[in-house]
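Sequence positions, counted from 1, serve as the residue numbers for this chain. Just so we're clear, the structure is a prediction, and the values are computed from it rather than from any experiment.
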Amino acid sequence: LFQAKFQVAPATGMPPARVQTINGITYPREVPPPPGLPEGWVAVEQVYGPSSTKPGEVYTRYKSLDGRHKLICGPKQLVELHCKDHGIEDWQSVYAKYQQALKEKHDKLAAERALERERRGELK
């Protein structure tokens with residue numbers, strides 16, 4: 001399940017990233033951020049190590065493309081930093097746009113699941 005090796009990090013002052021391959025996927029890996037987040041950010045999927053209480057579980061951190069911010073824990077913190085950097089005082093409205101995009105995505109997926117259940121003859 002786990003295949004871990006250490007990778008030397010560039011001179012960033014950060015500890016070296018643990019590279020792990022689980023089910024053929026190498027972590028950490030960059031993935032597109034969720035819809036609704038400001039431009040200029042990338043999501044990084046990482047996994048908890050074998051000595052963790054949640055070994056192999058995937059979690060997401062965010063970093064800015066300009067390199068100013070790394071290891072941002074969640075979308076709310078990302079939006080606050082983005083707005084602070086760009087002089088936007090009303091970060092709540094930007095975060096509300098993200099929440100609306102997330103709700104639309106969840107509603108779309110729920111509708112697709114309902115159609116699939118109906119197609120199979122299952123009712124809920």
Side-chain angles (χ1 to χ4, degrees):
L1 181 66
F2 281 101
Q3 182 183 16
K5 63 181 179 178
F6 287 98
Q7 171 181 325
V8 177
T12 60
M14 304 287 294
R18 173 177 270 185
V19 176
Q20 298 182 62
T21 302
I22 300 174
N23 297 331
I25 302 171
T26 302
Y27 296 96
R29 67 178 184 163
E30 291 186 1
V31 295
L37 287 179
E39 295 292 321
W41 294 84
V42 66
V44 179
E45 285 185 343
Q46 300 178 0
V47 292
Y48 292 107
S51 62
S52 170
T53 58
K54 302 176 184 180
E57 186 173 315
V58 178
Y59 63 96
T60 304
R61 295 292 181 259
Y62 301 92
K63 67 179 183 177
S64 60
L65 293 176
D66 62 10
R68 292 177 63 191
H69 303 289
K70 299 177 183 118
L71 299 176
I72 306 305
C73 292
K76 187 174 184 179
Q77 187 180 12
L78 180 153
V79 169
E80 288 178 4
L81 287 170
H82 178 81
C83 290
K84 181 179 176 186
D85 290 348
H86 291 87
I88 302 169
E89 292 184 20
D90 184 22
W91 67 267
Q92 290 92 348
S93 65
V94 177
Y95 187 65
K97 289 178 188 175
Y98 161 73
Q99 288 178 315
Q100 181 62 33
L102 191 63
K103 182 182 180 321
E104 289 171 4
K105 178 182 173 184
H106 284 269
D107 291 347
K108 180 181 175 186
L109 290 173
E112 288 173 4
R113 285 192 305 270
L115 284 174
E116 180 62 24
R117 280 194 308 270
E118 186 177 315
R119 185 186 67 75
R120 290 186 306 213
E122 299 174 10
L123 297 176
K124 187 171 184 178

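Atom CD of Gln77 sits about 9.0 Å away from atom CZ of Arg61, to the nearest 0.5 Å. Within the model, atoms OH of Tyr95 and CD of Glu80 stand 9.0 Å from one another, a figure rounded to the nearest 0.5 Å. One distance of note links CD of Gln100 with OG of Ser93; it measures 13.5 Å at 0.5 Å rounding.
A single hydrophobic cluster is seen to contain both Ile72 and Val79, as judged by linkage of ILVMFWY side chains at heavy-atom distances under 4.5 Å, directly or through other members. Placement of Trp91 and Tyr62 within a single hydrophobic cluster is found when ILVMFWY residues are connected by side-chain heavy-atom separations under 4.5 Å, directly or transitively.
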Would Tyr98 and Leu78 satisfy side-chain contact (heavy atoms from CB on, under 4.5 Å), going step by step from the backbone distance to the final call? CA-CA 11 Å; Tyr98 161 73; Leu78 180 153; over 6 Å; no
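Heavy atoms only, all atoms of each residue included: Pro35 and Ala101 are closest at O-CB, 3.7 Å. When all heavy atoms of Ser64 and Asp66 are compared, the closest pair comes out as OG-OD1, 2.7 Å. Here the closest non-hydrogen pair linking Lys70 and Gly67 is NZ-O, 3.8 Å. Of all non-hydrogen atoms in Val94 and Pro38, the two that sit nearest each other are CG1-CG, 4.3 Å. The nearest pair of heavy atoms linking Val31 to Val42 is O-CG2, 3.6 Å. Pairing each heavy atom of Ala43 with each of Pro33, the nearest pair is CB-CA, 4.0 Å.
Applying the salt bridge (charged side-chain N to carboxylate O under 4.0 Å, His left out) rule to pairs touching residues 27-48 yields Arg29-Glu45, Glu30-Lys63, sequence neighbours excluded. The list of salt bridge (charged side-chain N to carboxylate O under 4.0 Å, His left out) pairs with a residue in residues 89-103, not counting sequence neighbours, reads Lys103-Asp107.
Remark: Glu112 pairs with no residue by the salt bridge (charged side-chain N to carboxylate O under 4.0 Å, His left out) rule, at least two apart or across chains.
With contacts defined as side-chain heavy-atom distances shorter than 4.5 Å, the pair His69/Trp41 qualifies. Between Tyr27 and Gln46 there is no side-chain heavy-atom pair separated by less than 4.5 Å.
A salt bridge between Arg113 and Glu116 is absent, with no side-chain N of the basic residue lying under 4.0 Å from a carboxylate O of the acidic one.
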